[in-house]
Protein chains: 2
Amino acid sequence: MDIEFREGISEVIATTRNDRPNAAPIGIIHRKILYAVLYKESHTFSNVKKNSQLVANFVLDPRLYVRTAFEDLDASFFRSDQEAPVLQAAYAWVEFRCSIAEKLTQKSAVVHLNPIKSVVLRQPMIPNNRAFCALIEATIHATRYHKFKDQKYLGLALRYESIVRKCGGAEELEAFQLLKKYLR
Amino acid sequence: MDIEFREGISEVIATTRNDRPNAAPIGIIHRKILYAVLYKESHTFSNVKKNSQLVANFVLDPRLYVRTAFEDLDASFFRSDQEAPVLQAAYAWVEFRCSIAEKLTQKSAVVHLNPIKSVVLRQPMIPNNRAFCALIEATIHATRYHKFKDQKYLGLALRYESIVRKCGGAEELEAFQLLKKYLR
(Lines give C-alpha, C1' and ligand atoms only; values in the text may rest on other atoms or scores of the structure.)
Protein backbone atom coordinates (compact mmCIF):
# COMPACT_ATOMS: atom_id res chain seq x y z
CA MET A 1 0.00 0.00 0.00
CA ASP A 2 1.36 3.43 -0.99
CA ILE A 3 -0.62 5.10 1.75
CA GLU A 4 0.68 5.32 5.26
CA PHE A 5 -1.46 5.44 8.36
CA ARG A 6 1.03 6.57 10.97
CA GLU A 7 0.88 5.35 14.54
CA GLY A 8 -1.92 7.17 16.32
CA ILE A 9 -5.13 8.51 14.82
CA SER A 10 -5.51 9.82 11.26
CA GLU A 11 -8.49 12.01 10.44
CA VAL A 12 -10.28 11.07 7.23
CA ILE A 13 -13.77 11.19 5.78
CA ALA A 14 -15.29 7.71 5.82
CA THR A 15 -17.73 6.74 3.10
CA THR A 16 -20.05 3.79 3.38
CA ARG A 17 -23.04 2.57 1.48
CA ASN A 18 -26.52 1.30 2.11
CA ASP A 19 -29.25 2.17 -0.38
CA ARG A 20 -27.38 5.44 -0.76
CA PRO A 21 -23.82 6.45 0.03
CA ASN A 22 -22.98 8.19 3.29
CA ALA A 23 -19.99 10.29 4.36
CA ALA A 24 -18.77 11.25 7.84
CA PRO A 25 -15.43 12.22 9.42
CA ILE A 26 -13.82 9.46 11.47
CA GLY A 27 -10.44 8.65 12.98
CA ILE A 28 -8.47 5.70 11.62
CA ILE A 29 -6.54 4.32 14.56
CA HIS A 30 -3.19 2.63 14.04
CA ARG A 31 -1.98 0.98 17.23
CA LYS A 32 -0.33 -2.20 15.98
CA ILE A 33 -3.54 -2.90 14.03
CA LEU A 34 -5.84 -0.61 12.03
CA TYR A 35 -9.28 0.02 13.46
CA ALA A 36 -11.93 2.64 14.10
CA VAL A 37 -14.27 3.26 17.00
CA LEU A 38 -17.74 4.02 15.64
CA TYR A 39 -20.90 5.16 17.39
CA LYS A 40 -23.44 2.42 17.01
CA GLU A 41 -26.14 4.99 16.29
CA SER A 42 -24.24 6.36 13.30
CA HIS A 43 -25.07 5.73 9.65
CA THR A 44 -21.44 4.78 9.17
CA PHE A 45 -21.76 1.94 11.67
CA SER A 46 -25.09 0.63 10.39
CA ASN A 47 -23.72 0.61 6.85
CA VAL A 48 -20.54 -1.18 7.92
CA LYS A 49 -22.66 -3.68 9.79
CA LYS A 50 -24.69 -4.32 6.66
CA ASN A 51 -21.93 -4.80 4.08
CA SER A 52 -18.54 -4.71 5.86
CA GLN A 53 -17.24 -1.97 3.58
CA LEU A 54 -15.69 1.40 4.49
CA VAL A 55 -13.61 3.78 2.39
CA ALA A 56 -11.18 6.27 3.96
CA ASN A 57 -11.13 9.40 1.78
CA PHE A 58 -8.17 11.77 1.91
CA VAL A 59 -9.64 15.23 1.37
CA LEU A 60 -8.03 18.68 1.51
CA ASP A 61 -11.22 20.75 1.41
CA PRO A 62 -11.99 21.72 5.02
CA ARG A 63 -15.60 22.53 4.13
CA LEU A 64 -16.27 18.86 3.48
CA TYR A 65 -15.15 17.87 6.99
CA VAL A 66 -17.66 20.33 8.42
CA ARG A 67 -20.51 19.40 6.06
CA THR A 68 -20.14 15.66 6.46
CA ALA A 69 -20.04 16.05 10.25
CA PHE A 70 -23.48 17.65 10.21
CA GLU A 71 -25.42 16.68 7.12
CA ASP A 72 -25.82 14.12 4.35
CA LEU A 73 -24.15 14.71 1.01
CA ASP A 74 -26.22 14.18 -2.10
CA ALA A 75 -25.14 11.67 -4.74
CA SER A 76 -23.32 14.29 -6.83
CA PHE A 77 -20.51 14.38 -4.25
CA PHE A 78 -19.64 10.74 -4.95
CA ARG A 79 -17.75 9.26 -7.89
CA SER A 80 -19.93 7.37 -10.34
CA ASP A 81 -17.02 5.35 -11.78
CA GLN A 82 -16.32 3.35 -8.62
CA GLU A 83 -18.04 0.32 -7.17
CA ALA A 84 -17.17 1.51 -3.67
CA PRO A 85 -18.51 4.83 -2.34
CA VAL A 86 -15.73 7.38 -2.99
CA LEU A 87 -15.85 11.17 -2.72
CA GLN A 88 -15.20 13.25 -5.84
CA ALA A 89 -12.99 15.43 -3.65
CA ALA A 90 -10.70 12.58 -2.53
CA TYR A 91 -7.13 12.90 -3.80
CA ALA A 92 -6.54 9.35 -2.53
CA TRP A 93 -8.57 6.66 -0.85
CA VAL A 94 -8.30 3.28 0.82
CA GLU A 95 -11.08 0.72 0.74
CA PHE A 96 -11.36 -1.52 3.78
CA ARG A 97 -13.09 -4.77 4.49
CA CYS A 98 -14.39 -4.42 8.03
CA SER A 99 -15.00 -6.84 10.84
CA ILE A 100 -16.97 -5.68 13.82
CA ALA A 101 -15.78 -6.44 17.32
CA GLU A 102 -18.99 -5.20 18.81
CA LYS A 103 -19.40 -4.71 22.53
CA LEU A 104 -23.09 -4.77 23.18
CA THR A 105 -22.91 -2.98 26.50
CA GLN A 106 -21.28 0.08 25.02
CA LYS A 107 -22.44 2.89 22.76
CA SER A 108 -19.49 2.44 20.43
CA ALA A 109 -18.09 -0.51 18.56
CA VAL A 110 -14.56 -1.38 17.54
CA VAL A 111 -14.32 -2.04 13.81
CA HIS A 112 -11.19 -3.76 12.48
CA LEU A 113 -10.05 -2.42 9.11
CA ASN A 114 -8.42 -4.63 6.53
CA PRO A 115 -7.20 -2.61 3.50
CA ILE A 116 -8.11 -4.25 0.20
CA LYS A 117 -7.52 -1.43 -2.29
CA SER A 118 -5.76 1.92 -2.26
CA VAL A 119 -5.81 4.56 -4.98
CA VAL A 120 -3.63 7.66 -5.20
CA LEU A 121 -4.86 10.21 -7.75
CA ARG A 122 -2.73 13.14 -6.68
CA GLN A 123 0.07 13.57 -4.20
CA PRO A 124 -0.35 17.06 -2.85
CA MET A 125 2.82 18.44 -1.22
CA ILE A 126 1.25 20.61 1.38
CA PRO A 127 2.87 21.53 4.66
CA ASN A 128 0.94 21.75 7.88
CA ASN A 129 -1.63 24.53 8.12
CA ARG A 130 -2.77 25.47 11.62
CA ALA A 131 -6.16 26.65 10.34
CA PHE A 132 -6.96 23.27 8.81
CA CYS A 133 -6.06 21.59 12.11
CA ALA A 134 -8.09 24.15 14.05
CA LEU A 135 -11.10 23.40 11.88
CA ILE A 136 -10.85 19.68 12.62
CA GLU A 137 -10.70 20.43 16.35
CA ALA A 138 -13.60 22.90 16.16
CA THR A 139 -15.70 20.40 14.20
CA ILE A 140 -15.10 17.70 16.82
CA HIS A 141 -16.22 20.03 19.62
CA ALA A 142 -19.16 21.21 17.51
CA THR A 143 -20.47 17.70 16.96
CA ARG A 144 -20.23 17.12 20.72
CA TYR A 145 -22.17 20.32 21.33
CA HIS A 146 -24.75 19.20 18.78
CA LYS A 147 -25.09 15.84 20.51
CA PHE A 148 -24.90 16.78 24.19
CA LYS A 149 -26.05 20.45 24.10
CA ASP A 150 -23.39 21.35 26.65
CA GLN A 151 -22.30 25.02 26.37
CA LYS A 152 -18.77 23.93 27.25
CA TYR A 153 -18.35 22.38 23.79
CA LEU A 154 -19.74 25.48 22.09
CA GLY A 155 -17.07 27.57 23.79
CA LEU A 156 -14.35 25.08 22.88
CA ALA A 157 -15.44 25.05 19.22
CA LEU A 158 -15.58 28.83 18.87
CA ARG A 159 -12.17 29.27 20.50
CA TYR A 160 -10.56 28.04 17.27
CA GLU A 161 -11.93 30.89 15.14
CA SER A 162 -8.92 33.14 15.81
CA ILE A 163 -6.46 30.53 14.47
CA VAL A 164 -8.65 29.92 11.43
CA ARG A 165 -8.76 33.66 10.70
CA LYS A 166 -5.04 34.14 11.27
CA CYS A 167 -3.70 31.08 9.46
CA GLY A 168 -6.43 30.02 7.03
CA GLY A 169 -7.28 30.66 3.42
CA ALA A 170 -10.69 31.32 1.87
CA GLU A 171 -11.73 27.64 2.18
CA GLU A 172 -10.96 27.49 5.89
CA LEU A 173 -12.79 30.77 6.54
CA GLU A 174 -15.81 29.54 4.61
CA ALA A 175 -15.72 26.22 6.48
CA PHE A 176 -15.75 28.03 9.82
CA GLN A 177 -18.74 30.16 8.79
CA LEU A 178 -20.51 26.94 7.83
CA LEU A 179 -19.63 25.45 11.21
CA LYS A 180 -21.10 28.46 13.01
CA LYS A 181 -24.29 28.05 11.00
CA TYR A 182 -24.63 24.47 12.25
CA LEU A 183 -24.00 25.66 15.80
CA ARG A 184 -26.95 28.06 15.79
CA MET B 1 7.09 24.42 -8.60
CA ASP B 2 5.68 21.04 -7.52
CA ILE B 3 5.14 22.29 -4.02
CA GLU B 4 2.05 24.18 -3.06
CA PHE B 5 1.85 26.80 -0.34
CA ARG B 6 -1.88 27.13 0.14
CA GLU B 7 -3.52 30.44 1.00
CA GLY B 8 -2.91 31.18 4.66
CA ILE B 9 0.07 30.09 6.76
CA SER B 10 2.06 26.88 6.27
CA GLU B 11 4.22 25.63 9.13
CA VAL B 12 7.72 24.58 8.08
CA ILE B 13 11.21 24.47 9.55
CA ALA B 14 13.30 27.27 8.10
CA THR B 15 17.01 26.75 7.64
CA THR B 16 19.46 29.59 7.10
CA ARG B 17 23.20 29.94 7.16
CA ASN B 18 25.83 32.21 8.60
CA ASP B 19 29.11 30.64 9.69
CA ARG B 20 27.00 27.67 10.64
CA PRO B 21 23.55 26.54 9.60
CA ASN B 22 20.52 27.33 11.74
CA ALA B 23 17.04 25.80 11.91
CA ALA B 24 13.82 27.18 13.42
CA PRO B 25 10.08 26.70 12.84
CA ILE B 26 8.41 29.54 10.94
CA GLY B 27 5.17 30.18 9.11
CA ILE B 28 5.26 30.73 5.36
CA ILE B 29 2.44 33.16 4.62
CA HIS B 30 0.65 33.04 1.28
CA ARG B 31 -1.69 36.00 0.87
CA LYS B 32 -1.35 36.84 -2.81
CA ILE B 33 2.44 36.87 -2.29
CA LEU B 34 4.73 34.59 -0.28
CA TYR B 35 6.37 36.09 2.78
CA ALA B 36 7.32 35.46 6.39
CA VAL B 37 7.26 37.65 9.46
CA LEU B 38 10.50 37.15 11.40
CA TYR B 39 11.59 38.42 14.80
CA LYS B 40 14.53 40.73 14.22
CA GLU B 41 16.31 39.22 17.23
CA SER B 42 16.23 35.72 15.72
CA HIS B 43 19.15 33.90 14.12
CA THR B 44 16.89 33.24 11.16
CA PHE B 45 16.47 36.96 10.54
CA SER B 46 20.12 37.89 11.01
CA ASN B 47 21.14 35.11 8.60
CA VAL B 48 18.58 36.19 6.03
CA LYS B 49 19.80 39.76 6.39
CA LYS B 50 23.34 38.61 5.72
CA ASN B 51 22.85 36.41 2.66
CA SER B 52 19.19 36.65 1.55
CA GLN B 53 18.76 32.87 1.64
CA LEU B 54 16.12 30.78 3.43
CA VAL B 55 15.09 27.16 2.91
CA ALA B 56 11.63 25.87 3.88
CA ASN B 57 12.00 22.25 5.02
CA PHE B 58 9.00 19.91 4.97
CA VAL B 59 9.49 17.60 7.92
CA LEU B 60 7.24 14.91 9.40
CA ASP B 61 9.18 14.31 12.62
CA PRO B 62 7.40 16.31 15.35
CA ARG B 63 10.48 16.14 17.59
CA LEU B 64 12.37 18.38 15.18
CA TYR B 65 9.75 21.12 15.45
CA VAL B 66 10.17 21.11 19.21
CA ARG B 67 13.98 20.92 19.18
CA THR B 68 14.48 23.64 16.59
CA ALA B 69 12.09 25.92 18.49
CA PHE B 70 14.31 25.75 21.57
CA GLU B 71 17.86 24.83 20.64
CA ASP B 72 20.45 24.81 17.90
CA LEU B 73 20.96 21.68 15.85
CA ASP B 74 24.49 20.48 15.30
CA ALA B 75 25.90 20.10 11.79
CA SER B 76 25.00 16.39 11.58
CA PHE B 77 21.32 17.32 11.16
CA PHE B 78 22.07 19.09 7.87
CA ARG B 79 22.73 17.59 4.46
CA SER B 80 26.33 17.82 3.34
CA ASP B 81 25.50 17.42 -0.36
CA GLN B 82 23.68 20.71 -0.71
CA GLU B 83 24.99 24.24 -1.12
CA ALA B 84 21.96 25.55 0.74
CA PRO B 85 21.30 24.57 4.37
CA VAL B 86 18.85 21.64 4.19
CA LEU B 87 17.75 19.28 6.95
CA GLN B 88 18.49 15.56 6.60
CA ALA B 89 14.93 14.98 7.77
CA ALA B 90 13.31 17.04 5.01
CA TYR B 91 11.24 14.99 2.58
CA ALA B 92 11.01 18.10 0.40
CA TRP B 93 12.33 21.63 0.49
CA VAL B 94 12.07 25.00 -1.22
CA GLU B 95 14.96 27.43 -1.38
CA PHE B 96 14.01 31.09 -1.38
CA ARG B 97 15.83 34.27 -2.28
CA CYS B 98 14.67 36.79 0.30
CA SER B 99 14.17 40.52 0.24
CA ILE B 100 13.62 42.28 3.51
CA ALA B 101 10.90 44.87 3.88
CA GLU B 102 12.18 45.89 7.26
CA LYS B 103 10.21 48.23 9.47
CA LEU B 104 12.70 49.68 11.89
CA THR B 105 10.14 50.72 14.49
CA GLN B 106 8.87 47.18 14.94
CA LYS B 107 10.28 44.04 16.52
CA SER B 108 9.51 41.95 13.45
CA ALA B 109 10.33 42.31 9.80
CA VAL B 110 8.45 41.24 6.72
CA VAL B 111 10.61 39.09 4.46
CA HIS B 112 9.44 38.51 0.90
CA LEU B 113 10.15 34.99 -0.37
CA ASN B 114 11.01 34.29 -3.98
CA PRO B 115 11.28 30.52 -4.68
CA ILE B 116 14.37 29.66 -6.73
CA LYS B 117 14.58 25.88 -6.26
CA SER B 118 12.30 23.13 -5.01
CA VAL B 119 13.18 19.51 -4.39
CA VAL B 120 10.80 16.65 -3.65
CA LEU B 121 12.52 13.51 -2.33
CA ARG B 122 9.48 11.67 -1.09
CA GLN B 123 5.77 12.28 -1.33
CA PRO B 124 4.34 10.94 1.88
CA MET B 125 0.60 10.24 1.72
CA ILE B 126 -0.31 10.99 5.27
CA PRO B 127 -3.73 12.15 6.42
CA ASN B 128 -4.18 14.73 9.12
CA ASN B 129 -3.09 13.69 12.61
CA ARG B 130 -4.51 15.74 15.50
CA ALA B 131 -1.50 14.98 17.68
CA PHE B 132 0.94 16.45 15.18
CA CYS B 133 -1.21 19.59 14.98
CA ALA B 134 -1.49 19.73 18.76
CA LEU B 135 2.29 19.58 19.03
CA ILE B 136 2.70 22.54 16.68
CA GLU B 137 0.21 24.52 18.79
CA ALA B 138 1.85 23.51 22.06
CA THR B 139 5.28 24.45 20.69
CA ILE B 140 4.04 27.91 19.69
CA HIS B 141 2.65 28.54 23.18
CA ALA B 142 5.80 27.09 24.74
CA THR B 143 8.09 29.47 22.86
CA ARG B 144 5.88 32.36 24.01
CA TYR B 145 6.15 31.11 27.58
CA HIS B 146 9.90 30.84 27.18
CA LYS B 147 10.09 34.41 25.88
CA PHE B 148 7.54 36.23 28.05
CA LYS B 149 7.47 33.98 31.18
CA ASP B 150 3.69 34.39 31.37
CA GLN B 151 2.01 31.39 33.09
CA LYS B 152 -0.91 31.77 30.69
CA TYR B 153 1.22 30.37 27.87
CA LEU B 154 2.40 27.48 30.01
CA GLY B 155 -1.20 26.49 30.64
CA LEU B 156 -2.07 26.82 26.96
CA ALA B 157 0.90 24.64 25.95
CA LEU B 158 0.16 21.87 28.46
CA ARG B 159 -3.51 21.76 27.49
CA TYR B 160 -2.52 19.95 24.29
CA GLU B 161 -1.02 16.95 26.05
CA SER B 162 -4.32 15.05 26.14
CA ILE B 163 -4.72 15.23 22.34
CA VAL B 164 -1.10 14.17 21.85
CA ARG B 165 -1.63 11.17 24.12
CA LYS B 166 -4.94 10.21 22.55
CA CYS B 167 -4.06 10.71 18.87
CA GLY B 168 -0.28 10.52 18.65
CA GLY B 169 2.29 7.86 17.97
CA ALA B 170 5.63 7.29 19.70
CA GLU B 171 7.25 10.27 17.94
CA GLU B 172 4.56 12.69 19.06
CA LEU B 173 4.68 11.39 22.64
CA GLU B 174 8.45 11.76 22.68
CA ALA B 175 8.20 15.24 21.22
CA PHE B 176 5.78 16.30 23.95
CA GLN B 177 8.08 14.96 26.67
CA LEU B 178 10.88 16.98 25.09
CA LEU B 179 8.66 20.07 25.08
CA LYS B 180 7.92 19.64 28.78
CA LYS B 181 11.65 19.43 29.45
CA TYR B 182 12.16 22.79 27.78
CA LEU B 183 9.29 24.24 29.80
CA ARG B 184 10.93 23.41 33.14
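Proteins come first, then strands; the chains are lettered A, B, ... in the order of their sequence lines, and each starts at number 1.
Looking only at heavy-atom pairs under 4.5 Å with chain B, the residue among A:Cys133, A:Ser10, A:Gly168 that has the most is A:Gly168. Chosen from A:Lys166, A:Glu172, A:Arg31, A:His30, the residue pairing most often with chain B at heavy-atom distances under 4.5 Å is A:Arg31.
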Using residues 52-61 of chain B as the side-chain source, report each donor-acceptor pair under 3.5 Å to any protein atom, sequence neighbours left out, with the distance given to one decimal.
{"unit_1": "B:Gln53", "atom_1": "NE2", "unit_2": "B:Glu95", "atom_2": "OE2", "d": "3.2"}
{"unit_1": "B:Asn57", "atom_1": "OD1", "unit_2": "B:Leu87", "atom_2": "N", "d": "2.9"}
{"unit_1": "B:Asn57", "atom_1": "ND2", "unit_2": "B:Ile13", "atom_2": "O", "d": "2.9"}
{"unit_1": "B:Asn57", "atom_1": "ND2", "unit_2": "B:Thr15", "atom_2": "OG1", "d": "2.8"}
{"unit_1": "B:Asn57", "atom_1": "ND2", "unit_2": "B:Val55", "atom_2": "O", "d": "3.4"}
{"unit_1": "B:Asp61", "atom_1": "OD1", "unit_2": "B:Arg63", "atom_2": "N", "d": "2.8"}
{"unit_1": "B:Asp61", "atom_1": "OD1", "unit_2": "B:Arg63", "atom_2": "NE", "d": "2.9"}
{"unit_1": "B:Asp61", "atom_1": "OD2", "unit_2": "B:Arg63", "atom_2": "NE", "d": "3.3"}
{"unit_1": "B:Asp61", "atom_1": "OD2", "unit_2": "B:Arg63", "atom_2": "NH2", "d": "2.8"}

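Expressed to the nearest 0.5 Å, how far CD of A:Glu4 lies from CZ of B:Arg122 amounts to 7.0 Å.
A:Phe5 and A:Leu38 fall within the same hydrophobic cluster, defined by Ile, Leu, Val, Met, Phe, Trp and Tyr side-chain heavy atoms under 4.5 Å apart, directly or through other members. A single hydrophobic cluster is seen to contain both B:Val111 and B:Val94, as judged by linkage of ILVMFWY side chains at heavy-atom distances under 4.5 Å, directly or through other members. Grouping the Ile, Leu, Val, Met, Phe, Trp and Tyr side chains by contacts below 4.5 angstrom, directly or via other members, places B:Leu183 with B:Phe148. A:Trp93 and A:Phe77 end up in different hydrophobic clusters when Ile, Leu, Val, Met, Phe, Trp and Tyr side chains are linked at under 4.5 Å. Using a 4.5 Å cut-off between side-chain heavy atoms of Ile, Leu, Val, Met, Phe, Trp and Tyr, with links allowed through other members, A:Phe132 and B:Ile3 fall into different hydrophobic clusters.
Within a 6.0 Å radius of NZ in B:Lys149, more than 12 heavy atoms belonging to other residues, nucleotides or ligands are found. Heavy atoms from other residues, nucleotides or ligands lying under 6.0 Å from CD of A:Glu41 number 12 at most.
Nearest heavy atoms, A:Pro127 versus B:Val12: CB-CG1, 3.9 Å.
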Could you walk me through whether A:Val120 and B:Gln123 pass side chain to side chain contact (heavy atoms under 4.5 Å, CB included), step by step?
CA-CA 11 Å; A:Val120 177; B:Gln123 296 192 288; over 6 Å; no
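Contact of A:Ile28 with chain B is not made at all, since no heavy-atom distance falls under 4.5 Å. With a threshold of 4.5 angstrom between heavy atoms, B:Ile163 approaches chain A through side-chain atoms but not through N, CA, C or O. If you measure heavy-atom distances from A:Ile136 to chain B, the contacts under 4.5 Å come from the side chain alone. At a 4.5 Å heavy-atom cutoff, the contact between A:Arg6 and chain B is made by side-chain atoms alone. Residue contact with chain B, scored on non-hydrogen atoms closer than 4.5 Å, involves the backbone and the side chain of A:Ala170 alike.
Between the B:Glu11 side chain and the A:Asn128 main chain, no donor and acceptor come within less than 3.5 Å of each other.
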